[in-house]
Trainee: 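Pasting a structure below so you can have a look.
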Amino acid sequence: MRTQLENCLAAVNQVLLGKDRQVRLALACLLARGHLLLEDLPGMGKTTLSHALAKVLGLSYQRIQFTSDLLPGDILGTSVFNRDTGQFTFHPGPIFAELVLADEINRATPKSQSALLEAMEEGQVTIEGATRPLPQPFFVIATQNPSSQGGTFALPESQLDRFLMRVSLGYPARNAEKALLQGEARRDLLPRLEPILDHAALARIQAEVPGIHASEAVIDYVLRLVEATRSQPAFALGLSPRGSLALLAAARAWAMLAGRDYVIPEDVQAVLPSVAGHRLRDAADPAGHGGGMLVQWLLREVTPF
């Protein structure tokens, strides 16, 4: 199993150069049955990462370009009257894929953004009074540009909380960008990727993640981190119980990718910035993006033992 996971990581890293940690975080997010928010500038490889993951994991893939005129029906699907049968026939929207890329999610109106809430939380959608299950696995990768906020609708805390992780790819290192310039276009490599895991293997791995052992000492460390966000005056908002569950689930998935069946404090520290950064707000600037600095404070001040 570990060999298959390492092969998946290696295959994606051949396409997305110099982003080993970010690729590992994205795969850990999927194994923990979460959803991923990629927040970065255009042209950093966000779409390439999502497409490469879908290819190596053998998942059906749909990309939705979020714009201000996007309607919920464009995401979920709609019923169309069939004159031959005299009945309405439901045509599923792109949400009925196993990996869905919600590109520039904050450019859609809150009404369209909310169409994803039930899907991400419950694995189902309700359309015209009928509840329809989504495929399993179901993984949403949403992207947004943190710099260009003109004409956008900021995601509310309730929707940010639906994302297990927020990850930034960042600029590539010089040697990685040199290889990028000298080699083939990354998107030309995508069709050559072959599935490494099938659905049964992926489902089995996802089912094993909650069984990764977390000792009482590790759980106490998670609790101390969470309690610090609730008690220290620097934090405008503390982590909710969903946040603490997310932190432990992500740490378990990170441990599995490391080939261990138990969690160590370093696993918690590795995923904390991605799990907690978008959930925390600085009391001095509640509307800002101070989560990163608050996470660094947590890592420095709250010790494992």
Trainee: Given side chain to side chain donor-acceptor pair (under 3.5 Å), test Glu104 with Thr143 step by step and report yes or no.
Mentor: CA-CA 5 Å; Glu104 296 186 292; Thr143 73; over 6 Å; no

Trainee: Answer yes or no: is there an ion pair linking Asp267 with Arg260, defined by an N-O contact shorter than 4.0 Å?
Mentor: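 Arg260 and Asp267: salt-bridged.
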
Trainee: With ring centroids as reference points, do His278 and Phe163 lie under 6.0 angstrom apart?
Mentor: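 So the answer is no for these two rings.
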
Trainee: OH of Tyr171: more than 12 outside heavy atoms within 6.0 angstrom?
Mentor: no

Trainee: Would you say the side-chain atoms of Arg132 pair up with the backbone N or O of Thr126, donor to acceptor, closer than 3.5 Å?
Mentor: no

Trainee: Within the supplied structure, the quantity of interest is the number of heavy atoms (other residues, nucleotides, ligands) at a distance under 6.0 Å from Arg187 CZ; does it exceed 12?
Mentor: no

Trainee: Would a distance-only check, ignoring hydrogens and angles, find a side-chain to backbone donor-acceptor pair under 3.5 Å from Asp261 to Ile212?
Mentor: no

Trainee: Less than 4.0 Å between a side-chain N and a carboxylate O, is that true for Arg279 and Asp161?
Mentor: yes

Trainee: Please determine whether a side-chain nitrogen of the Lys or Arg among Arg162 and Glu157 lies less than 4.0 Å from a carboxylate oxygen of the Asp or Glu.
Mentor: no

Trainee: Once rounded to the nearest 0.5 Å, what's the spacing between atom CZ of Phe153 and atom OG of Ser112?
Mentor: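 One gets 9.0 Å once the value is rounded to the nearest 0.5 Å.
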
Trainee: Please check: side-chain N/O of Glu98 versus main-chain N/O of Ser60, any donor-acceptor pairing under 3.5 Å?
Mentor: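 A pair under 3.5 Å: yes.
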
Trainee: Could you tell me how the ring of His51 sits relative to the ring of Tyr61: parallel (under 30°), tilted (30 to 60°) or perpendicular (over 60°)?
Mentor: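 Rings of His51 and Tyr61: parallel, under 30°.
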
Trainee: Any carboxylate oxygen within less than 4.0 angstrom of a Lys/Arg side-chain nitrogen, looking at Arg24 and Glu6?
Mentor: yes

Trainee: Start with the C-alpha gap between Gln136 and His199, add the side-chain angles, then the distance that decides, and say whether side chain to side chain donor-acceptor pair (under 3.5 Å) holds.
Mentor: CA-CA 9 Å; Gln136 292 297 325; His199 284 64; over 6 Å; no

Trainee: Working note: Arg242 + Glu121, criterion salt bridge (charged side-chain N to carboxylate O under 4.0 Å, His left out); need CA distance, chi angles, decisive distance, verdict.
Mentor: CA-CA 11 Å; Arg242 180 189 284 149; Glu121 187 68 16; 3.6 Å; yes

Trainee: Under the 3.5 angstrom rule, does the side chain of Ser114 hit a backbone N or O of Lys111 as a donor-acceptor pair?
Mentor: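 Yes, the answer is positive, given that a donor and an acceptor are paired below the 3.5 Å cut-off.
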
Trainee: Ring-plane angle category for His35 and Phe139, please: parallel below 30°, perpendicular beyond 60°, tilted otherwise.
Mentor: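 Parallel.
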
